[in-house]
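Here the structure is laid out as structure tokens; the discussion comes afterwards.
For the numbers below, each heavy atom of this structure counts, side chains included, while hydrogens, waters and symmetry mates do not. Nothing fancy with the numbering, it's 1 onward along the sequence. What you see is a predicted model; the values in this text were computed from it and never measured.
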Amino acid sequence: MSSRLVRRSVNRLRSRSHDGGFTLIEIMVVIFIIALLAALVVPKIIGRTEEAKKTAAMTQIREFENALSLYHLDNGSYPTTEQGLEALVKKPTIPPEPNNYKAGGYISKIPKDPWGHPYVYLSPGSHGEFDIMSYGADGARGGKGNNKDIVSWDLEK
């Protein structure tokens, strides 16, 4: 009688282990596949972060250029270095004050560059009526690679 009881218990355990649970080997295979996919995909995504930040900085500089063109059309001059890019958001109170400033400004706000640093604006600039610069990842003038400056006079038009 006891051997019958043991067989029933073993049969119950066997049927329970296949009622929707996963074996250790199945779980290990799934983990291996996920790790393999991560090893292939993650490096490609990580390498794109700095490239995306450079593209974002170039786009923001172009937006500043467009807003500065509208400011110039309305007022006959560009904001001075002292007035800065903030002149595109609210009417400057530092002379020379613009006469035909557009109500509401020319853009809603001046964002920081993608690395969290302020953009540098000079007017008159050394490369034209104005210069706009992002100093890259290190926030310092000059540099190579991710630290390379992104400048308005060097963007593709």
Side-chain angles (χ1 to χ4, degrees), residues 18-157:
H18 295 292
D19 285 346
F22 295 102
T23 65
L24 181 59
I25 292 175
E26 291 170 330
I27 292 172
M28 290 175 63
V29 168
V30 170
I31 290 172
F32 174 76
I33 291 170
I34 291 171
L36 182 65
L37 289 172
L40 295 172
V41 173
V42 169
K44 291 182 182 185
I45 293 172
I46 290 174
R48 297 286 189 148
T49 303
E50 287 303 314
E51 185 179 324
K53 287 182 178 183
K54 289 176 187 176
T55 302
M58 288 188 271
T59 301
Q60 288 175 337
I61 289 173
R62 284 190 189 106
E63 289 175 12
F64 294 147
E65 289 176 330
N66 292 335
L68 286 164
S69 294
L70 293 173
Y71 182 100
H72 184 266
L73 283 172
D74 289 347
N75 301 292
S77 64
Y78 293 101
T80 64
T81 300
E82 292 77 25
Q83 292 170 331
L85 292 172
E86 282 298 320
L88 299 173
V89 177
K90 62 181 184 179
K91 185 176 180 178
T93 56
I94 302 170
E97 292 182 35
N99 295 329
N100 297 318
Y101 192 83
K102 177 183 164 192
Y106 296 87
I107 56 178
S108 60
K109 69 177 187 168
I110 304 297
K112 293 193 179 218
D113 73 11
W115 297 275
H117 308 293
Y119 284 95
V120 177
Y121 171 77
L122 300 173
S123 180
S126 28
H127 297 90
E129 295 287 331
F130 59 83
D131 295 343
I132 306 170
M133 299 162 276
S134 165
Y135 288 149
D138 64 353
R141 191 172 199 149
K144 297 182 185 226
N146 295 336
N147 297 328
K148 184 179 178 186
D149 298 348
I150 299 165
V151 294
S152 59
W153 62 89
D154 203 21
L155 299 178
E156 295 177 16
K157 302 292 179 190

If I take atom OG from residue S77 and atom CZ from residue F130, how far apart are they, to the nearest 0.5 angstrom? 12.5 Å
Just how far is it from atom CZ of R62 to atom CD1 of I132, taken to the nearest 0.5 Å? 11.5 Å
Would one find more than 12 heavy atoms of other residues, nucleotides or ligands at under 6.0 Å from atom NZ of K91? yes
Find out whether L70 and N66 are in side-chain contact, i.e. whether some heavy atom of one side chain is under 4.5 Å from a heavy atom of the other. no
Nearest 0.5 Å, what's the CG-CD1 distance between L85 and I107? 7.0 Å
Euclidean distance, I110 CD1 relative to Y119 OH, rounded to 0.5 Å: 10.0 Å
To check you understand the geometry: which heavy-atom pair defines the closest contact between P98 and Y71, and what is its length? CG-OH, 3.5 Å
Within a 6.0 Å radius of atom CD1 on I25, are there more than 12 heavy atoms belonging to other residues, nucleotides or ligands? no
For the residue pair H72 and Y78, does the interplanar ring angle fall in the parallel (under 30°), tilted (30 to 60°) or perpendicular (over 60°) class? parallel
Side chains of P111 and F64: does their closest heavy-atom pair fall under 4.5 Å? yes
Give a yes or no on whether the backbone of R141 and the side-chain of D149 come within a donor-acceptor separation of less than 3.5 Å. no
A side-chain contact here means heavy atoms from C-beta on lying under 4.5 Å apart; do L122 and M133 qualify? yes
Parallel, tilted or perpendicular, as decided by the 30° and 60° cut-offs, for the rings of Y101 and Y106: perpendicular
On a heavy-atom basis, the closest approach of V89 and S108 is CG1-O, 3.6 Å
Contact between D113 and I150 at the side-chain level, heavy atoms closer than 4.5 Å - yes or no? no
So CD of E63 and CG of L88: to nearest 0.5 Å the spacing works out to 11.5 Å
Quick one: does D131's side chain get under 4.5 Å of S126's, heavy atoms only? yes
Within a radius of less than 6.0 Å around NZ of K53, do more than 12 heavy atoms belonging to other residues, nucleotides or ligands occur? yes
Can you tell me how far the CD atom of E97 sits from the CG atom of N75, to the nearest 0.5 Å? 11.0 Å
For T80, which of P95, P96, P92 qualifies under side-chain contact (heavy atoms from CB on, under 4.5 Å)? P96
Are the side chains of Y121 and Q83 in touch, meaning some heavy atoms are under 4.5 Å apart? no
May I ask you to test the W115-S134 pair for a side-chain heavy-atom distance under 4.5 Å? yes
Tell me the closest heavy-atom pair linking S123 and E129, and the distance in Å. OG-O, 3.2 Å
Validation row: Q60, P114 side chains within 4.5 angstrom (heavy atoms): yes
